[in-house]
Amino acid sequence: MLNLKNLTYYCNSLKSEREQLLQTPGLDSDDYLVSRKRANGKTSIFIRKKNPKDISLKKDTYVNKELLPEARIIARVMLAKKQLADIDMKIKVLDNLIRLLHRPSSADSYLQCHPWLQELLPQALSNGEKLLTWKNEPYERNMKYSENIICPTVVPNLFTRSKSEAAIISRFEHFGIPYHYDEIRYFNGTPLAIDFVCINVSTGKQWYWDHRGMLDDKSYIEKTLYCEGVLLNAGIISGINLIVTAETSAHPLDMQEVDEMIHYYLL
């Protein structure tokens, strides 16, 4: 069975590799190398330059010791262009495949087009409807220090405690990730306010998302370590069922990282 999470991660890795290759010095040059066998069996290398006025006219220059650094740059460019062509082909295939896997199942589409089936089979909710039902379920929300819940979000009447949390919600809404914000959960009898409880839209697996937004504040760090201990004792572990993002005043939240985590863990 195709793993959407791994496909997305691989595709993003290819895109990062592509960006690095695009920084190759001299990539816009049309010069390339050719080789010729000599009578003694050895190979000579030449730099072939295209005539800008007449591309049918080419000039070959033998690569001696003085031209060796230039030849190495051209060789690196030639290899980079081949790698870019391969990566572009793979990204195109993966993007199409990921788009296909994101489509609703035929059963879900059939249920949506024939609502009378749900009257006969009320338990036959589509996956999307199940997720929406969960998202809209009432839950115990943390209202402690409610005077700090002032940051607006893309969702009407939903406010958060920080701009970063509001930004994360905007990405959840963009990707269609069901979530509960600032929900109180009990771990071995200890109540904790979880920044986000999320559901993977492909597998239905539940994830906790902890955004640590003030890691340059000593008292905040102490509170974070306490909460982390409670979660660890309850089997809530980063990378297994917990997603962690962090920031300081000098290093704000990286939204590209947020998107990558959503792709990896929740799609």
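- By the 6.0 Å contact criterion, CG on Asn157 is open, its count of non-hydrogen atoms from other residues, nucleotides or ligands being 12 or less.
- Between Asp31 and Arg48 there is no salt bridge, since no side-chain nitrogen of the basic residue lies less than 4.0 Å from a carboxylate oxygen of the acidic one.
- For Tyr139, the OH atom is densely surrounded, since the number of other residues' heavy atoms within 6.0 Å is greater than 12.
- Rounding to the nearest 0.5 Å places NZ of Lys90 at 6.5 Å from CG of Leu14.
- Counting all heavy atoms, side chain and backbone alike, Leu27 lies closest to Ala80 at CD1-CB, 4.2 Å.
- Using a 4.5 Å heavy-atom threshold, the side chains of Leu267 and Asn200 count as separate.
- The distance from the CE atom of Met255 to the CD1 atom of Ile168 is 6.5 Å, given to the nearest 0.5 Å.
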In sequence, state the C-alpha distance, the side-chain angles, and the governing distance for Glu70 and Lys49, and then conclude on salt bridge (charged side-chain N to carboxylate O under 4.0 Å, His left out). CA-CA 12 Å; Glu70 181 181 351; Lys49 295 181 178 290; 3.3 Å; yes
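- Other residues, nucleotides and ligands contribute at most 12 non-hydrogen atoms within 6.0 Å of the CD atom of Gln256.
- Listed for the Glu247 side chain is no donor-acceptor partner under 3.5 Å among the backbone atoms of Pro252.
- Residues Tyr220 and Arg212 bring no donor and acceptor atom of their side chains to less than 3.5 Å of each other.
- For Arg36 and Phe46, the positive end sits near the middle of the six-membered ring, less than 6.0 Å away and at most 45° from its axis.
- When atom types are taken as modelled, the side chain of Tyr181 and the backbone of Ala166 share no donor-acceptor pair closer than 3.5 angstrom.
- Listed here is the closest heavy atom pair of Pro191 and Ile184: CB-CG2, 4.1 Å.
- A 4.5 Å side-chain heavy-atom check between Ile150 and Phe159 finds every atom pair outside the cut-off.
- Ser29 places no side-chain N or O within 3.5 Å of a backbone atom of Gly26 that could act as its donor or acceptor partner.
- In this structure, Lys223 places its NZ atom where only 12 or fewer heavy-atom neighbours from other residues, nucleotides or ligands lie under 6.0 Å away.
- One finds the CG atom of Leu22 at 11.0 Å from the CD atom of Glu17 (value rounded to the nearest 0.5 Å).
- Among the candidates Trp134, Phe172, Trp207, the single residue satisfying the ring pair (Phe, Tyr, Trp, His ring centres under 6.0 Å) test with His180 is Trp134.
- Put simply, the side chain of Asp217 does not reach to within 4.5 Å of the side chain of Glu222, judged on heavy atoms.
- The 12-atom threshold is exceeded at NZ of Lys81, counting heavy atoms of other residues, nucleotides or ligands nearer than 6.0 Å.
- A donor-acceptor contact shorter than 3.5 Å links the side chain of Thr153 to the backbone of Leu158.
- A pairwise comparison of heavy atoms in Leu253 and Ala246 identifies CD1-O, 4.4 Å as the closest pair.
- Looking at Tyr179 and Ile169, their side chains come closer than 4.5 Å, going by heavy atoms from C-beta outward.
- For the atom pair Ser170 OG and Lys163 NZ, the distance stands at 13.5 Å (nearest 0.5 Å).
- Here the side chain of Ser16 pairs a donor or acceptor atom with the backbone of Asn12 at under 3.5 angstrom.
- In this structure, the side chains of Asp259 and Phe175 come closer than 4.5 Å at one or more pairs of heavy atoms.
- With hydrogens and angles ignored, the 3.5 Å screen pairs no side-chain donor or acceptor of Asp195 with any backbone N or O of Glu165.
- Salt-bridge check for Glu257 with Arg171: failed, with every basic side-chain N at 4.0 Å or more from each acidic carboxylate O.
- When side chains are defined from C-beta on, Leu67 counts as touching Thr61, because their heavy atoms get closer than 4.5 Å.
- Taking the six-membered ring for Trp and the full ring otherwise, the centers of His211 and Phe196 sit at least 6.0 Å from each other.
- Looking at heavy atoms from C-beta onward, Phe187 lies in side-chain contact with Ile236 at the 4.5 angstrom threshold.
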Decide salt bridge (charged side-chain N to carboxylate O under 4.0 Å, His left out) for Lys15 and Asp88; before the verdict, give the C-alpha distance in whole Å, the side-chain angles of both, and the deciding distance to 0.1 Å. CA-CA 9 Å; Lys15 290 177 180 178; Asp88 285 343; over 6 Å; no
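- Atom OG of Ser249 and atom CE of Met214 lie 11.0 Å apart (nearest 0.5 Å).
- Nearest approach of Val63 to Ala71, heavy atoms of both residues: CG1-CB, 3.7 Å.
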Worked check of side chain to side chain contact (heavy atoms under 4.5 Å, CB included) between Thr190 and Tyr226: CA-CA 11 Å; Thr190 301; Tyr226 167 77; 3.7 Å; yes
Please test Val155 against Glu173 for side chain to side chain contact (heavy atoms under 4.5 Å, CB included), starting from the C-alpha separation and ending with a verdict. CA-CA 8 Å; Val155 181; Glu173 294 291 335; 3.3 Å; yes
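- For the atom pair CD1 (Ile177) and CG (Leu266), the distance works out to 5.0 Å, reported to the nearest 0.5 Å.
- Taking 4.5 Å as the limit, every side-chain heavy atom of Ile243 sits out of range of all side-chain heavy atoms of Asp210.
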